[in-house]
Structure formats: C-alpha cells, structure tokens
Q: 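One structure, as structure tokens, below. Some questions next.
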Amino acid sequence: MDFIHVQGGVALKGKVRIQGSKNAALPILAATLLTKETSCIYNCPRIADVHHMVSLLRSLGLQVCWEEQGIRVNSTDICRGELPTEAVKGMRSSLCLLGALIGRCGEVRMEYPGGCMIGKRPIDLHIRALREMGVDFWEEQGMLYAKADNLHGAEIMLPFPSVGATENIVMAAVMAEGCTVLSRAAREPEVEALCRYLAACGACIEGIGTGTLTIRGGRELYGTSYRVPEDRIVAGTYLFAAAITGGCVFLERAPFSQMEAVIHVAEQMGAQCDVTPKGIYVQAKERPKSVPLIRTAPYPGFPTDLQSMALAAMTKGRGVCVIEEKIFENRFRVVEPLRQMGADIQIMNAGSVKVRGVEKLYGTCLEAKELRGGAALLLAALSAEGESVLTGCSYIYRGYENICKDLRELGARVASV
Ligand code: UD1
C-alpha cells in the first residue's frame, strides 16, 4: 500500500479518535527491560516503529506479545546487550535502548541508530552525559560500544534539552548507584510519560515534567501496567487537516493540555477550538488566516513535528506567514512539492521560509520522503483542486495507525493502493 490517491477539495467533517503516542510508547517499551518482571503497556499504536521495537526486544530475549489492549513484556530473561545490526539501522528511536541496556546489562554493542554516524543528527549529547555517569564509549568497525563497570549518578547539565538524551539519561540513572541531577532536561510530554511509567515501577524521580530531574537510582524496579497517553502530533495533524480544508472536526481524546501552543496557532489561523474533557472540537474558517510568525521550540513551544503541517495550512492562508524551524535543519523538504502544487513559498535561509497564501493548490504527483513531511503533503492534497497521487507512504504509516481510514471517515476522498 505505497500509494495514496486523493481527490481533493472536501472540507473534513466528523469525529476522529486519536491513537496512542508513538514517541511515548517507544521509550516506555525500551524501559520495560529495566524491571525483570512483566509490564503491560496499553494504548500502544499499531504502527511500524512499534512493531520494530517489539522485534528488537524479542531479539534481546524478552517475551513480548501483543494483546487486544496493548503489549505485554516479560523481561525476566535477557540474552545480552547486543542489538542486531539490521534491526537498528533505519530506526533512530532504537537509540532509546542505549540507556535501557546500559542500565540493565552494563554494556551495549549496537549500530549507530538510524544508520547515521556521529555528525548529522548526532548523538554527542547522549554520549557526553552517559560518560559522566561512568560509561565508556568506543567505536570499532563502525559499531558503537558502551560499557559501564560502575554506573553512578552524576550532576549533568544538557547544553540543549534533547528529548532522546534526556530519556537515555533517565533510564541509566534509575539503575545507577546514587543520585543524578539532570538540568535543562527536555520537558516534552513523552519524557514525562516515560518518567511516570518508571515511577510506577518503583523508581524515585523528582521534578517530573520540569527541566530539572532528580533521580535516586539503584532501586529494584517491578513490573506494572501503564497506559500510553494519546499522540499530540497525530491530534495536531488532524487539527491542521481541518484548518487547511475549512473543516469541522472533533478530535476525540486529543491530549489538549499538551497542545497549548498548537491550539494557539490554529486559533490565530481563525479556527475555533473548543476544549472539552473528551477532546477538542475544531471549527475552521473556509480559508485560514495567515499567522505572522510560527517558530518551533522545545516543549512547551510549537513542536517541530507539526511544522510541516502548519506550513501546508499556511500555503492557503490569507496573507503572509514566516515559519522558523529552530530544532532540526533539513525540515523544509516539503517546500518544493508544495510549490509544484501552486504554493508561493520563499526560502529565506536554511531555518526560515516566507509563505504567501494562495487561493488554490492543484493536485499532482507527490512523494513522501519522511514521516511528518509526508503527512503535510497529504494535507495539502486534501485541500487541492483535482487528484493527487502520493508515493513513499510507508514513511507516513510509521507514525499514523490509520490515516487513510481516519480521513475517509471525515469525508475525504482518499484511497490507499
Ligand atoms: C525526538 C522525537 C522527534 C522530535 C524531536 C524533537 C522520538 C522518537 N523522536 O527526537 O519526533 O522531532 O524529539 O522534539 O521521540 N541533537 C544533537 N546531539 C544529540 C542529540 C540531539 O545535536 O546528541 C540535536 C538534534 O540533531 C536536533 C536537536 O538536538 O537538532 C533535537 O534533538 P532531540 O531532542 O534529541 O530529538 P530526538 O530525541 O532525536
């Protein structure tokens, strides 16, 4: 199913239920191996990255099975801290097994996650922090080795609140002897979810949800049940899908308390967002207003993972919008295909673009080259006149459980082939 055919021009209307969070489920699944007992992780999305994490855990010797409501992991036995090369390549989030394996086994041997060497999308912050906790790192024949004979707590200040580095430090710290104080920790809700899972297993973590985490390590952790929160990025994607099509959508179970910055931007676009305990009701304007400036930032700022979707919505805005990407370079790859659809976008520099809204986009052949950018192109196709054919859809399915079905239920004319 690598093609999506879209007949654009339908305003979305109806209700969509938001799936569990991918970026919370992955580190929590990795963290189950810190317990030596059985954990049940509910509300995990059935997407490729989660299946991938399940097979990585199985390759380490854990007993993992899908159940109707979630994933059961028995971590009593583990072979050793060696991850199969092929399984790690292509999945950056396998990096969260680094902290977990150091915590459980004291050593790790793995391919550089995502197949990329230190340099681009580097892991220097992870390595520097874990070294302070007594972990030795070295490289042999392109493989990354880590070993800790005496894993201990440390006072660590991250130069930037990296999500992945915070998660790895937390996972190592709960198993380390002594106290770790981590300053400038990432405050993303997914980090909070990981900490809450570990706390439910018996870990002592203070400051959850803040930029300073104090972790008293060395306690035996036990298995528990935990429900993964809903995915704020998926909810935001459907919110901007409503905005770009002039739709009216109820985002059932959307984690609104984690979405303040996103809701604020949608409201600036002219969408009325009513937050209820059951979710967010969005009533968009027929054509969005342009937001003068959208700038990505670490949480609680506007998430980089929704930047492309906001950009897609702004191609139809009334007025001019500047978008500044502050977290990742290379996140404007959707500009060219959007231009082919008729969008007026000017690249100002590597980190910012100026979007002058146009009345219409036109359907065309599009190719998804990454997860969030691919979803943004799908949104643009929904609002375009005529037919679009989107390829490279496996990228999109890595993050969205049922995107075509969800959109069809909202009235979109979408077929996956
Ligand atoms: C996680 C999310 C991703 C999200 C991102 C930012 C998962 C699986 N992925 O990615 O969807 O877009 O947070 O919210 O949860 N950096 C370094 N050195 C490092 C680590 C990071 O320079 O050692 C840089 C990165 O290149 C990037 C920035 O820091 O420019 C943010 O990265 P980070 O917060 O670590 O993101 P991830 O954990 O990779």
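Every number for a ligand or one of its atoms is a count from 1 in the order of the listing.
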Q: With heavy-atom distances below 4.0 Å as the criterion, list the atoms of ligand 1 near Gly164.
A: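 Ligand 1 atoms under the 4.0 Å threshold to Gly164: 35 (O), 38 (O).
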Q: Considering only NZ, NE, NH1 and NH2 on the basic side and carboxylate oxygens on the acidic side, decide whether Glu230 and Arg227 come within less than 4.0 Å.
A: yes
Q: Which of parallel (below 30°), tilted (30 to 60°) and perpendicular (above 60°) describes Trp138 and Tyr145?
A: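 Trp138 vs Tyr145 ring planes: parallel.
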Q: Please confirm whether Pro122 comes under 4.0 Å of ligand 1, counting heavy atoms of the residue only.
A: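 In this structure, Pro122 qualifies as a contact of ligand 1 - some heavy atom is under 4.0 Å.
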Q: If you measure from each non-hydrogen atom of Tyr299 to ligand 1, which part falls under 4.0 Å: side chain, backbone, both or neither?
A: neither
Q: Would you please determine whether His126 falls within less than 4.0 Å of ligand 1 on a heavy-atom basis?
A: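 Flag set, His126 near ligand 1.
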Q: May I ask you to check if ligand 1 and Lys22 share an N or O to N or O distance below 3.5 Å?
A: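 No, no N or O pair falls under 3.5 Å.
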Q: Which of the numbered atoms in ligand 1 are under 4.0 angstrom from any heavy atom belonging to Phe160?
A: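 Near Phe160, the atoms of ligand 1 are 28 (C), 29 (O), 31 (C).
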Q: Tell me the closest heavy-atom pair linking Phe256 and Pro277, and the distance in Å.
A: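 That would be CE2-O, 4.1 Å.
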Q: Any salt bridge linking Arg128 with Glu132? Criterion: basic side-chain nitrogen under 4.0 Å from a carboxylate oxygen.
A: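 Not counted as a salt bridge, because no side-chain N and carboxylate O are separated by less than 4.0 Å.
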Q: Side chain, backbone, both or neither: which part of Thr304 comes within less than 4.0 Å of ligand 1 when only heavy atoms are counted?
A: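 Contact part for Thr304 vs ligand 1: side chain (C-beta onward).
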Q: For the pair Glu140 and Arg109, find out whether any cationic side-chain nitrogen is under 4.0 Å from an anionic carboxylate oxygen.
A: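 So Glu140 does not pair with Arg109 through a salt bridge.
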Q: Would you kindly specify which portion of Leu26 sits under 4.0 Å from ligand 1, judged on non-hydrogen atoms: side chain, backbone, both or neither?
A: neither
Q: Could you tell me whether Glu67 and Arg72 make a salt bridge, using a distance below 4.0 angstrom between a side-chain N and a carboxylate O?
A: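 Looking at Glu67 and Arg72, the cut-off is met.
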Q: Any side-chain heavy atom of Val191 sitting closer than 4.5 Å to one from Glu167?
A: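 Sidechains of Glu167 and Val191: in contact.
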Q: Can you name the atoms of ligand 1, numbered from 1 with element, that are less than 4.0 Å from a heavy atom of Val163?
A: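 Listed by number with element, the hits are 1 (C), 13 (O), 14 (O), 33 (P), 34 (O), 35 (O), 38 (O).
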Q: Is it the side chain (CB and beyond), the backbone, both or neither of Asp305 that lies under 4.0 Å from ligand 1, heavy atoms counted?
A: side chain
Q: Any heavy-atom pair between the side chains of Cys201 and Leu34 that's under 4.5 Å?
A: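 Sidechains of Cys201 and Leu34: no contact.
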Q: Could you tell me whether some N/O pair between Glu167 and ligand 1 is separated by less than 3.5 angstrom?
A: no
Q: Going by the order shown, which atoms of ligand 1 are within less than 4.0 Å of some heavy atom of Ile327?
A: 27 (C), 28 (C), 30 (O), 31 (C)
